[in-house]
Asker: 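First the structure, then my questions, so here it is.
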Amino acid sequence: MGLFETMQGRSTPVRAGVIGAGTFATMFLHQAARVPNLQVSAVVDLSEDRARAALGTAGLTGVRVATTADAVLGADDVDVVVEATGSPVAGAAHALAAIEAGQHVVMVTVEADVLVGPVLAARAAERGVVYTMASGDQPGLICELVDWARTNGFDVVAAGKGTKYLPEYHRSTPETVWGHYGFTPEHAAASGLNPVMFNSFLDGTKSAIEMAAVANATGLLPPGDGLAFPPAGTDDLQSVCVPREAGGVLERAGTVEVVSSLHRDGSPVQRDLRWGVYVTLEAPSDYVATCFANYGLRTDPSGRYTAMYRPYHLIGLELAQSVCAAGARGADSGSPRGWVADVVATAKRDLSPGDTLDGEGGSTVYGVVRPAAASRAGGFLPIGLAEGLVLRRAVAAGSPVSRDDVGPATGTGVAHRLRAELEAR
């Protein structure tokens with residue numbers, strides 16, 4: 001039975017509570033009213049006006065609005081908590097509280113998932129509830145493609161997404177970001193666009209975070225030195241996102257990678273995958289390679305590598321998929337199975353003692369995905385905890401920031417405790 005039919009046949013609704021009323025949540029709320037037996041019980045945001053505006057956009061009435069998460073966490077009328085604050089520290093605390101209260105968690109805040117997700121997933125399993133990625137966001141959709149491939153007997157050569165990338169974007173700051181998007185600062189301000197958030201997408205941090213989430217959920221390995229962002233369109237994936245010995249750019253098979261919609265000279269890639277996701281596959285036999293040819297799949301010159309992709313993702317408009325799967329079936333849309341990858345804070349410029357790090361999307365550091373073992377062995381600082389720390393020694397541009405480079409961490413909150421538990425494991 002399909003999930004839609006499952007929802008139609010329920011005698012009681014799946015009841016959701018949302019924490020964080022930004023764009024992602026607003027898109028979900030807009031669609032939730034159209035899903036049978038899906039009920040939004042409460043929306044929480046630091047700004048009550050923003051929460052009410054999100055509900056007004058969606059046309060939802062009779063929903064509880066609050067400015068503190070207590071209105072959702074442990075509430076009797078909330079089965080599934082949607083964590084969409086965008087803050088790794090707040091997201092980790094909210095998720096743990098929900099899990100301990102016996103509620104399912106849909107983690108939209110992928111930054112929190114990468115910081116401490118494996119521990120949250122383990123706690124959820126112990127408690128008998130679901131901790132899941134968010135369908136509609138690219139990591140969840142990539143995991144669906146990986147699962148499709150493996151279920152049908154294919155080894156995944158690579159999995160990932162597209163983005164707009166040039167090497168100089170790593171140096172982008174909130175003050176320079178709008179020029180890369182073709183916006184004036186005045187237009188961005190009038191449109192309510194957040195320069196820090198947009199800068200996180202541009203400078204490579206968000207791509208690193210999302211690929212780390214996929215790696216932890218699927219076991220696919222991150223590149224040893226970070227993502228390469230090769231230029232590739234949908235017609236090129238099967239030739240580019242394969243191992244070097246097969247003519248591609250990958251250091252190994254079984255990895256994550258992000259493709260760029262721009263060539264290094266800034267010219268556009270034809271049929272780019274900027275908004276989509278993909279997997280590349282290798283034929284396990286001559287018979288399967290012949291099937292690739294017989295059914296018109298694009299392959300590399302050897303005929304053995306092909307790709308499947310989805311050109312777009314709909315973000316919060318698809319989130320109900322995960323909420324309903326968790327609440328009605330106790331199923332996840334991708335969840336950390338181990339600690340495979342980490343996202344390391346890396347200097348955007350030469351940093352000096354006394355400089356204060358400003359975290360994801362800021363002007364001092366960007367995130368680079370690295371193998372978790374290398375991050376732990378190097379004592380590197382995760383990007384999710386890289387805000388507000390003061391350097392006590394210099395870090396060269398392009399170098400990872402280690403914990404020894406910053407003053408003693410004073411954080412004692414939930415996120416810090418869960419991170420310590422993850423590293424101890």
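For clarity, every value in this text was computed on a predicted model and none was experimentally measured.
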Asker: Would you call K348 and D203 a salt bridge, taking side-chain N to carboxylate O under 4.0 Å as the test?
Answerer: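 Salt bridge between K348 and D203, a charged N being under 4.0 Å from a carboxylate O: yes.
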Asker: Once you round to the nearest 0.5 Å, how far does CD1 of I19 lie from OG1 of T85?
Answerer: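 It is 7.5 Å, given to the nearest 0.5 Å.
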Asker: With side chains defined as the heavy atoms from C-beta onward, is the minimum distance between F28 and L317 less than 4.5 Å?
Answerer: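 F28 does not reach L317 side chain to side chain.
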Asker: Apply salt bridge (Lys or Arg N to Asp or Glu O under 4.0 Å) to residues E360 and K206 and explain how you reach the verdict.
Answerer: CA-CA 8 Å; E360 180 187 350; K206 187 68 74 172; 3.5 Å; yes
Asker: How long is the gap from CD on Q39 to CG on D79, to the nearest 0.5 Å?
Answerer: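 If we round to the nearest 0.5 Å, Q39:CD and D79:CG are 8.5 Å apart.
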Asker: Which pair of non-hydrogen atoms, one from T346 and one from V344, has the smallest distance, and what is that distance?
Answerer: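 Closest heavy-atom pair between T346 and V344: OG1-O, 3.2 Å.
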Asker: For the pair R370 and D342, find out whether any cationic side-chain nitrogen is under 4.0 Å from an anionic carboxylate oxygen.
Answerer: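 Salt bridge: no.
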Asker: Quick check: do L96 and R123 have side-chain heavy atoms less than 4.5 Å from each other?
Answerer: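 In contact.
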Asker: For E421, which of R419, R425, R417 qualifies under side chain to side chain donor-acceptor pair (under 3.5 Å)?
Answerer: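 Only one of R419, R425, R417 forms a side chain to side chain donor-acceptor pair (under 3.5 Å) with E421, namely R425.
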Asker: Determine whether more than 12 heavy atoms belonging to other residues, nucleotides or ligands lie under 6.0 Å from atom CG of D235.
Answerer: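 Counting neighbours around CG of D235, more than 12 heavy atoms of other residues, nucleotides or ligands fall under 6.0 Å, so yes.
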Asker: In a check of side chain to side chain contact (heavy atoms under 4.5 Å, CB included) between V157 and each of T255, L281, L250, V279, which one passes?
Answerer: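 Going through the options one by one, the only one that passes is L250.
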Asker: Determine yes or no for a side-chain-to-main-chain donor-acceptor pair under 3.5 angstrom, with Q103 supplying the side chain and V78 the backbone.
Answerer: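 Answer holds: yes.
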Asker: V40 versus V43: any side-chain heavy-atom pair under 4.5 Å?
Answerer: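 They are in contact (side-chain heavy atoms under 4.5 Å apart), so the answer is yes.
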Asker: More than 12 foreign heavy atoms under 6.0 Å from CG of L314: is that the case here?
Answerer: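 Check passes, neighbour count above 12.
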Asker: Does either side chain, that of T109 or that of E83, offer a donor lying less than 3.5 Å from an acceptor on the other one?
Answerer: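 A pair is found: one side chain offers a donor N or O, the other an acceptor, under 3.5 Å apart.
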Asker: Give the C-alpha distance, both sets of side-chain angles, the deciding distance and a yes or no for salt bridge (Lys or Arg N to Asp or Glu O under 4.0 Å) between R403 and E423.
Answerer: CA-CA 13 Å; R403 295 179 188 273; E423 293 178 3; 2.4 Å; yes
Asker: On a heavy-atom basis, which atom in V105 and which in A98 lie closest, and how many Å separate them?
Answerer: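 Closest approach of V105 to A98: CG2-CB, 3.6 Å.
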Asker: Counting N and O atoms only, with roles assigned by atom type, does the side chain of R10 sit under 3.5 Å from a partner on the main chain of T12, one being a donor and the other an acceptor?
Answerer: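 Yes.
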Asker: Assess the side chains of D45 and T67: does a donor N or O sit below 3.5 Å from an acceptor N or O?
Answerer: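 Side-chain D/A pair, D45 to T67: absent.
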Asker: If you look only at pairs with a residue in residues 191-230, which of them pass as a ring-ring contact (aromatic ring centres under 6.0 Å, His included), with sequence neighbours excluded?
Answerer: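 Pairs touching residues 191-230 that pass the test: Y165-F229, W178-F198, Y181-F198.
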Asker: Please confirm whether the backbone N or O of T173 pairs with a side-chain atom of T176, one donor and one acceptor, at under 3.5 Å?
Answerer: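 Answer holds: yes.
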Asker: Is there a salt bridge (Lys or Arg N to Asp or Glu O under 4.0 Å) between K164 and D272? Walk through the geometry before answering.
Answerer: CA-CA 9 Å; K164 179 183 178 182; D272 69 76; over 6 Å; no
Asker: Could you check whether any side-chain heavy atom of M107 comes within less than 4.5 Å of a side-chain heavy atom of T132, counting everything from C-beta outward?
Answerer: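 With C-beta onward as the side chain, the pair stays apart.
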Asker: Taking side chain as C-beta onward, heavy atoms only, is D113 less than 4.5 Å from Y131?
Answerer: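 Result yes, sub-4.5 Å side-chain heavy-atom pair found.
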Asker: Do you know the tightest heavy-atom contact between A159 and I142?
Answerer: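 Minimum heavy-atom contact is CB-CG2, 3.8 Å.
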Asker: What's the verdict on side chain to side chain contact (heavy atoms under 4.5 Å, CB included) for S135 and L141, showing C-alpha distance, side-chain angles and the deciding distance?
Answerer: CA-CA 6 Å; S135 190; L141 297 178; 3.9 Å; yes
Asker: Do V156 and T280 have side chains that approach each other closer than 4.5 Å (heavy atoms only, starting at C-beta)?
Answerer: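 In short, these two side chains do not touch, never coming nearer than 4.5 Å.
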Asker: Ignoring hydrogens and geometry, is there a side-chain-to-backbone donor-acceptor pair from E251 to G224 under 3.5 Å?
Answerer: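 Here the side-chain-to-backbone pair exists.
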Asker: Got a second to check how far L273's CG is from S261's OG, nearest 0.5 Å?
Answerer: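 Interatomic distance, L273 CG to S261 OG, rounded to 0.5 Å: 9.5 Å.
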Asker: Give me the atom names and distance for the closest heavy-atom approach of T364 to R349.
Answerer: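 It is CG2-NH2, 3.8 Å.
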Asker: Would you indicate whether the side-chain heavy atoms of V340 and P222 approach each other to under 4.5 Å?
Answerer: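 Yes. Closest side-chain heavy atoms under 4.5 Å.
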Asker: With distance as the sole test, does N152 use its side chain to make a donor-acceptor pair with the main-chain N or O of A149 at under 3.5 Å?
Answerer: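 No, because the side chain of N152 does not come within donor-acceptor range (under 3.5 Å) of the backbone of A149.
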Asker: Could you tell me which non-hydrogen atom of V288 sits nearest to which non-hydrogen atom of A283, and how far apart they are?
Answerer: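 In terms of heavy atoms, the two residues are closest at CG1-CB, 3.9 Å.
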Asker: Is D332 paired with R337 through a side-chain N to carboxylate O contact shorter than 4.0 Å?
Answerer: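 Result for this pair is yes, salt bridge flagged.
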Asker: Taking only Lys NZ, Arg NE, NH1 and NH2, and the carboxylate oxygens of Asp or Glu, determine whether E257 and K161 approach each other closer than 4.0 Å.
Answerer: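 Salt bridge between E257 and K161, a charged N being under 4.0 Å from a carboxylate O: no.
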Asker: Which distance, rounded to the nearest 0.5 Å, do you find between the CE of M133 and the CD of E210?
Answerer: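 Going from the CE atom of M133 to the CD atom of E210 covers 9.5 Å.
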Asker: Spell out, as yes or no, whether a donor-acceptor pair under 3.5 Å connects the side chain of H104 to the backbone of V130.
Answerer: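 At least one qualifying donor-acceptor pair exists.
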Asker: Between V256 and L221, is a side chain to side chain contact (heavy atoms under 4.5 Å, CB included) present by the stated rule, with each step listed?
Answerer: CA-CA 6 Å; V256 293; L221 300 175; over 6 Å; no
Asker: Side-chain contact test, heavy atoms from C-beta onward, threshold under 4.5 Å: evaluate it for R127 versus E100 and give yes or no.
Answerer: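 No, every pair of side-chain atoms sits at 4.5 Å or beyond.
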Asker: Mark yes or no for whether T57, through its side chain, and A53, through its backbone, hold a donor-acceptor pair below 3.5 Å.
Answerer: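 Yes.
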Asker: What heavy-atom pair brings A42 and V72 nearest, and what distance separates the two atoms?
Answerer: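 Nearest pair, atom of A42 first, then V72: CB-CG2, 3.9 Å.
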Asker: How many angstroms lie between atom SG of C324 and atom CG of L38, to the nearest 0.5 angstrom?
Answerer: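 With rounding to 0.5 Å, SG (C324) is 4.5 Å from CG (L38).
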Asker: Restricting to ring-ring contact (aromatic ring centres under 6.0 Å, His included), what partner residues turn up for Y366, sequence neighbours left out?
Answerer: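 Counting only residues at least two positions away or on another chain, Y366 forms a ring-ring contact (aromatic ring centres under 6.0 Å, His included) with H170.
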Asker: With rounding to the nearest 0.5 angstrom, report the CG to NE2 distance, D70 to H94.
Answerer: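 Those atoms lie 8.5 Å apart.
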Asker: For D236 and G233, indicate whether the former's side chain and the latter's backbone hold a donor-acceptor pair under 3.5 Å.
Answerer: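 Checked: pair present.
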